[in-house]
Amino acid sequence: MIAPSAETTSAWTALIRAARQRLDAVESALKQAGLPPLAWYDALWEIEQAGAGGLRPFELTERLLLPQYGTSRLLNRMARDGLIERTRSAEDGRGQVIRLKSAGQAVRARMWPVYAAALHDGLQDRLTSDEAATLAGLLNKLA
């Protein structure tokens, strides 16, 4: 068995701790503003970026890196709240296409300033532009 070095273990711990703290800060800010959780923002953004053609649920699952059941639950909640619409796929009558409704676009637009402020406070206020670029490069290397 190959054991990770102390530096690797320390980097892993710091990465997970920082990610959890930043995500918790964003979630807390959204909740305080009376807005849905961050997963909703991410889903609404991806659906919005797909344009008028919409997305198939499996495509959204891949983009969000959620398990299939998690995406299904999320889509059910967003449909119940009138943020998205589901239609039958013209290519596959059994499949669905998810499209953003104007209410979904409005919710995502209301979420962005809160999310952006949390990013500013959690990263931009703590890192120089060069440090942020270096961090992005290192994290992209891991991805």
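Predicted model only: the values in this text are computed from it and were never measured.
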Find out whether T87 and Q96 are in side-chain contact, i.e. whether some heavy atom of one side chain is under 4.5 Å from a heavy atom of the other.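 In short, these two side chains do not touch, never coming nearer than 4.5 Å.
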Out of curiosity, [X] [atom1] to [Y] [atom2], how far, rounded to the nearest 0.5 Å?
X	Y	atom1	atom2	answer
L15	T8	CG	OG1	12.0 Å
K101	L83	NZ	CG	8.5 Å
R63	Q49	CZ	CD	9.0 Å
W40	I84	CH2	CD1	9.0 Å
L38	S28	CG	OG	12.5 Å
S102	E85	OG	CD	10.0 Å

Could you pull out the closest heavy-atom pair between [X] and [Y], with the gap in Å?
X	Y	value
T61	T71	OG1-OG1, 3.0 Å
G82	A103	O-CB, 3.5 Å
L55	A50	CG-CB, 3.5 Å
P57	L75	CB-CD1, 4.1 Å

Do side-chain atoms of [X] reach the backbone of [Y] as a donor and acceptor pair under 3.5 angstrom?
X	Y	answer
S10	A6	no
E59	R56	yes
R86	V97	no

Determine, step by step, whether R73 and M78 satisfy the side chain to side chain contact (heavy atoms under 4.5 Å, CB included) criterion, reporting the C-alpha distance in whole Å, the side-chain angles of both residues, the deciding distance to 0.1 Å, and the verdict. CA-CA 9 Å; R73 289 179 185 163; M78 290 192 309; over 6 Å; no
Between D24 and R20, is the salt bridge (charged side-chain N to carboxylate O under 4.0 Å, His left out) condition met? List the steps. CA-CA 6 Å; D24 287 350; R20 174 58 31 216; 3.0 Å; yes
Results of side chain to side chain contact (heavy atoms under 4.5 Å, CB included) for L64 - residues two or more places apart only: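 Partners of L64 by the side chain to side chain contact (heavy atoms under 4.5 Å, CB included) criterion, ordered by chain and then number, come out as D42, A43, E46, L60, L66, L74.
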Could you list the donor-acceptor pairs under 3.5 angstrom formed between side-chain atoms of residues 132-143 and any protein atom two or more places apart in sequence or on another chain?
unit_1: T134; atom_1: OG1; unit_2: D130; atom_2: O; d: 3.0
unit_1: N140; atom_1: ND2; unit_2: A136; atom_2: O; d: 3.1

Distance-only donor-acceptor pairs under 3.5 Å for side chains of residues 106-125, two or more places apart:
unit_1: R108; atom_1: NE; unit_2: E48; atom_2: OE1; d: 2.7
unit_1: R108; atom_1: NH1; unit_2: Y41; atom_2: OH; d: 3.0
unit_1: H120; atom_1: ND1; unit_2: D125; atom_2: OD1; d: 3.4

Same cluster or not: are L23 and L44 linked, directly or through other Ile, Leu, Val, Met, Phe, Trp or Tyr residues, by side-chain heavy atoms under 4.5 angstrom apart?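 Same cluster: L23 reaches L44 through Ile, Leu, Val, Met, Phe, Trp or Tyr contacts under 4.5 Å.
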